[in-house]
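Structure first, then comments.
Chain A is the first sequence line, chain B the second, and so forth, proteins listed ahead of strands; every chain is numbered from 1. Side-chain atoms are counted along with the backbone in the values below, which use heavy atoms only and exclude waters and symmetry mates.
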Amino acid sequence: MDTSYSPENIEQKWYKKWEADGNFKASGDGNPYCILIPPPNVTGSLHMGHAFQHTIMDTLTRYHRMKGDNTLWQCGSDHAGIATQMVVERQLNALGQKRTDFTRDEFIEKVWQWKESSGGTISQQMRRLGDSPDWDREAFTMDENLSKAVQEVFIQLYKDKTIYRGKRLVNWDPKFQSAISDLEVENHDEKGFMWHFRYPLADGEKTLDGKNYLVVATTRPETMLGDSAVAVDPKDERYQNLIGKFIDLPLVNRRIPIIADDYVDMEFGTGCVKITPAHDFNDYEVGKRHQLPLINIFSPTATVLAQAEVFQFGGTPIDDYPNQLPEKYTGQDRFVARKLIVEEFDSLNLLEKTEDHGLMVPRGDRSHEIIEPLLTDQWYVATASLAKPAIDVVKNGEIKFVPENWDKTYYHWMNNIQDWCISRQLWWGHRIPAWYDEQGNVYVAEDEQTVRAENNLSDEIILKQDDDVLDTWFSSALWPFATMGWPEKTPELEDFVPSSVLVTGFDIIFFWVARMIMMTLKFTGKVPFKEIYITGLIRDENGDKMSKSKGNVLDPIDLIDGIELEPLVVKRTSGLMNPKAATKIEKATRKQFSEGIESYGTDALRMTFCALASTSRDINFDLGRVEGYKNYCNKLWNATRFVLMNTDDKDCGKGLDPKASEQLDFSIADKWIIGRFNQALKAFETHTNEYRFDLATKALFQFSKNDYCDWYLELSKPVLNSEESNEAQKRGTRYTLVNILESMMRLLHPMIPFVTEEIWQRLKPMVATSSDSIMLAPFPIYDASSIDQAVNNDIDWIQSLITGVRNIRGELNISPNKPVNLLLKNAAEEDQRRLKDYQGFLSSLARLESVKILPTEETAPPSSTALAGTLEILVPVAGLIDIDAEVNRLQKEIDKLNNENKRLSGKLGNARFVDNAPAAIVEKEKEKLVNTEQALAKLVDQQQELKSH
RNA sequence: GGGCGCUUAGCUCAGUUGGGAGAGCAUCGCCCUUACAAGGCGAGGGUCAGUGGUUCGAGCCCACUAGCGCCCA
């Protein structure tokens, strides 16, 4: 074995073998255990959030697989409509072409080509992370069978009227020229203006204060071309006389009514609001209440039309409405039109004033373009009937959120859920299975032939398929059952629906989680998963969100392989939206990573993610932790070298029954470490079942490093090296060394798969196992009988003596090489027994020249003192150290004890405490006080003793 | 405006039913002790954001305040 651990030599080797051997497949036996991957975008690459969640999913998957469950990690990717179409369009643009140079089919073919050539990035990165999904079942939302499921769901929902088509106001993205759903709109606080316009009153009407106009305030002056009313608060006394009267709308010369509606806040501005039902969601509702005309003034690219399109609510066109728009605005972009209109109001002396104003601006989450509410025909899912059962299954506990209080977020959204706009004006995606005849009648079925057959339509009737595709999340919502073969009846649908746990971030609870619950309940009658583990969000070390534009992104692969400074700088500064940020990012990067990033290996990265997975909703990624866990892996590596060095070619009692073999004589340390292993195993399982990977990691780390490496390996040395140990004793210790290490590797494997496999393979010949790979070996089984309190007490005694001596050495700067003599004062019978039994351990670990029990009648020479319970540990200091140093050291101890003493006596002197607290607590405090007083007395004596010399 | 969360050691974070403030990293000291210097051993370091309340007893429960963050409108 190499003298140090190097992940690069072991990781890929084992992954290839596991995959080639088919180790990632469900076994078919045991209880079904299934995790569905949140399908990443096929365009994407693996970021820290993925790496984090994948580590959790893989740890759970490996754990359950080793426990013998029929374990499936279902993987796959999402076609990501807009994102993917953008990528391919950008590539065409780079070649001087554009999407519309091609037919729809040609373009889609190009997307498929791109997907084949570069869509596999994530799956390769997942392999680097050690992920163990069943690759043979890898699914893609545009695959034939998933597309079939999408079609089937659409048709069924249409038939029961849960899917409908309607002309409504939608969030329109002028860049993509597509509708998007509410969820895809981000609201940003931005600076803008509030323009106050004078709207002349018609028919010579006047306000109470004698003006011939009303003042309306708006942040979007250009929409005035589509105003259909001015509204006031019905209670507003200022305008009572004008309700039902009219405005002469400037520029377009249209009469529009003055209406009263509760929507208006009379405190805000002038209390008069312009109502533009076709370009504002609130105004839409007002318009609906008052049956105002919907006046659309924008084209799909958000430029002003020559003639407005006017409709009634319900979608019927109004032909006789004055729809002519001023010629000077025709074809102008909405923001150019804004400027021109403000200027025109100003020149007409109708601009009252302009104020700075902060407002919420809706932007598309992908395009970052300002969203325009636009009146269009779209397909919707009516969510009301789906939402109710989806709320119920969380309420009744069929689905459980972890941490629990995410259910509040879920309920809040579900209780206020809006109908879901599912049509998108894109080419890449699942095309809507609807056909129209020339009269505009709509027919829904799987294909044109079926449409004709089902509706008795002759071949002469021309049918045209809907051009739109479905929202990407529509297919994602079917993931839990579509990946299992639905609508076919498959064994997987039986076994793996519901899946066991969904591991995901809170950012997609609405986008994905809620919709999966609704759809899976609707189409399978079952919940999609029993638990939802909501992970925190990975942030940088300062708590900032990792983003390309901030230049603080870490690539998980770079942490695994390492990266030099220069390529890292290039990576972080290239392709920025705002190139000006490059200098700043470069500077920060050079400062933080002056040496680049070291290679830490996958296992260290995975262990870090697990250790950071607490209940916190933000996780600040700490690079120091990764380094620490790499060192930890090196520790395991070297512990293995030690074990092999002492057991290779020697009799380790392979195949003997540890509970019934005379040939194995276990030391106190052997017995202790076996018990400790089982305690750690139990802790790991408890915490893992509660998704507290941080606590699980801590339990493993403490056991393997502190107990096994720091204590047990040291305690094994005196047994192995002493001439006094017999062969059965040595065999017992060798057996324990090897078997606990081997079990420990199985315990650690789910979290750190690579280094454990490498080590396990080397230990395999020495233990009884029939597995080829650690990942198929059984997970250790908890054995409560291995934990013996008497054994633990003895080890505690040994440890406190050794620690006592080390403490004296450390404090007084006595070199660890220098053997010291040890005197034990006030030794009880138990102490004497222990000393007799365990002297070898003490001498070896505390590096003792000699150890003696001081007879009660004898006075001790000047010594440095530590206490182990009532036992006094004395290290004679003659010639070793300065007496004053020890006097000072004792004083510090005495001060500490005095404080403790004061606290305890105060508490016990308080009658209310003694009377009210539970007896056990009072008893405990009393005992503590006695101990403290005894210890204090001893130290004070000892200090006096020293001073007298 | 509504909802949720956070504030504990220099840093990143644990702290289970209220009963002796913890870990990792960083710092300091001693040591290249035959598994490991990517290491060992030891040490120092906290007014648990603030105020008030409940309680014999509060990091934990309650109220308020301050600061930070997220989601929704």
Which part of the nucleic acid does [X] contact within heavy-atom distance under 4.0 Å: base, sugar-phosphate only, or nothing?
{"X": "A/L904", "answer": "nothing"}
{"X": "A/N910", "answer": "sugar-phosphate"}
{"X": "A/K896", "answer": "sugar-phosphate"}
{"X": "A/F621", "answer": "nothing"}
{"X": "A/S616", "answer": "sugar-phosphate"}
{"X": "A/R809", "answer": "nothing"}
{"X": "A/N405", "answer": "sugar-phosphate"}
{"X": "A/R617", "answer": "base"}
{"X": "A/T3", "answer": "nothing"}
{"X": "A/E690", "answer": "nothing"}
{"X": "A/C633", "answer": "nothing"}

What nucleotide, of [options], holds the atom closest to the side chain of [X]?
{"X": "A/L713", "options": "B/C41, B/G69, B/A35", "value": "B/A35"}
{"X": "A/P816", "options": "B/C31, B/U12, B/G69", "value": "B/C31"}
{"X": "A/N817", "options": "B/A35, B/C31, B/G24", "value": "B/C31"}
{"X": "A/K907", "options": "B/G19, B/A43, B/A73", "value": "B/G19"}
{"X": "A/R641", "options": "B/C56, B/A14, B/A35", "value": "B/A35"}
{"X": "A/M360", "options": "B/G20, B/U12, B/A73", "value": "B/A73"}
{"X": "A/C709", "options": "B/A35, B/A73, B/A23", "value": "B/A35"}

Residues [X], [Y]: salt bridge by 4.0 Å N-O rule:
{"X": "A/E886", "Y": "A/R889", "answer": "yes"}
{"X": "A/E627", "Y": "A/K630", "answer": "no"}
{"X": "A/D280", "Y": "A/R220", "answer": "no"}

Distance to the ring centre below 6.0 angstrom and angle to the axis at most 45 degrees; does that hold for A/K717 and A/F642? yes

Between atom [atom1] in [X] and atom [atom2] in [N], what is the gap in whole Å?
{"X": "A/N638", "N": "B/C36", "atom1": "CG", "atom2": "P", "value": "6 Å"}
{"X": "A/M414", "N": "B/G3", "atom1": "CE", "atom2": "C1'", "value": "17 Å"}
{"X": "A/I619", "N": "B/C6", "atom1": "CD1", "atom2": "P", "value": "14 Å"}
{"X": "A/D618", "N": "B/U7", "atom1": "CG", "atom2": "C1'", "value": "13 Å"}
{"X": "A/L700", "N": "B/A23", "atom1": "CG", "atom2": "P", "value": "18 Å"}
{"X": "A/E811", "N": "B/G42", "atom1": "CD", "atom2": "P", "value": "11 Å"}
{"X": "A/E714", "N": "B/U34", "atom1": "CD", "atom2": "C1'", "value": "11 Å"}
{"X": "A/F913", "N": "B/A58", "atom1": "CZ", "atom2": "P", "value": "12 Å"}

Roughly how far apart, to the nearest Å, are [N] and [M] at atom [atom1]?
{"N": "B/C60", "M": "B/C6", "atom1": "C1'", "result": "15 Å"}
{"N": "B/U54", "M": "B/G42", "atom1": "P", "result": "45 Å"}
{"N": "B/A38", "M": "B/C25", "atom1": "P", "result": "14 Å"}
{"N": "B/G45", "M": "B/A23", "atom1": "C1'", "result": "14 Å"}
{"N": "B/U47", "M": "B/U8", "atom1": "P", "result": "12 Å"}
{"N": "B/G22", "M": "B/A43", "atom1": "P", "result": "13 Å"}
{"N": "B/A58", "M": "B/G52", "atom1": "P", "result": "13 Å"}
{"N": "B/C4", "M": "B/U65", "atom1": "P", "result": "16 Å"}

Got a donor-acceptor pair under 3.5 Å from the side chain of A/K635 to the base of B/C36? yes

Using a cut-off of strictly less than 4.0 Å, decide whether [X] has a side-chain nitrogen or oxygen near OP1 or OP2 of [N].
{"X": "A/K717", "N": "B/A35", "value": "yes"}
{"X": "A/R692", "N": "B/G15", "value": "yes"}
{"X": "A/K705", "N": "B/G40", "value": "yes"}
{"X": "A/N807", "N": "B/A43", "value": "yes"}
{"X": "A/S815", "N": "B/C31", "value": "no"}
{"X": "A/N620", "N": "B/C13", "value": "yes"}
{"X": "A/N631", "N": "B/G39", "value": "yes"}

Name the pairing partner of [N], where a pair is Watson-Crick or G-U wobble with both distances under 3.5 Å, or state none.
{"N": "B/G45", "result": "none"}
{"N": "B/C64", "result": "B/G50"}
{"N": "B/G22", "result": "B/C13"}
{"N": "B/C70", "result": "B/G3"}
{"N": "B/G39", "result": "B/C31"}

Side chain to side chain, A/D189 and A/M360, heavy atoms closer than 4.5 Å: yes

Less than 4.5 Å apart, side chain to side chain, heavy atoms only: is that true for A/N821 and A/L848? no

Atom CG of A/N931 and atom NZ of A/K926: how far apart are they, to the nearest 0.5 Å? 14.0 Å

Taking for each residue the nucleotide of RNA chain B with the nearest heavy atom, is it A/R847 or A/S4 whose nucleotide lies nearer the 5' end?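 It is A/R847, whose closest nucleotide lies nearer the 5' terminus.
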
Contact nearer the 5' end of RNA chain B, comparing A/D710 with A/V643: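 Residue closer to the 5' terminus by nearest nucleotide: A/V643.
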
Do you know which of A/T736, A/L737, A/N739 makes side-chain contact (heavy atoms from CB on, under 4.5 Å) with A/D670? A/T736

List the steps and the verdict of side-chain hydrogen bond (donor to acceptor under 3.5 Å, both in side chains) for A/T602 and A/E11. CA-CA 8 Å; A/T602 300; A/E11 298 187 343; 2.9 Å; yes

So, A/N638 and A/N634: side-chain donor and acceptor under 3.5 Å apart, yes or no?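 There is such a pair (donor and acceptor under 3.5 Å, judged by atom type) between the side chains of A/N638 and A/N634.
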
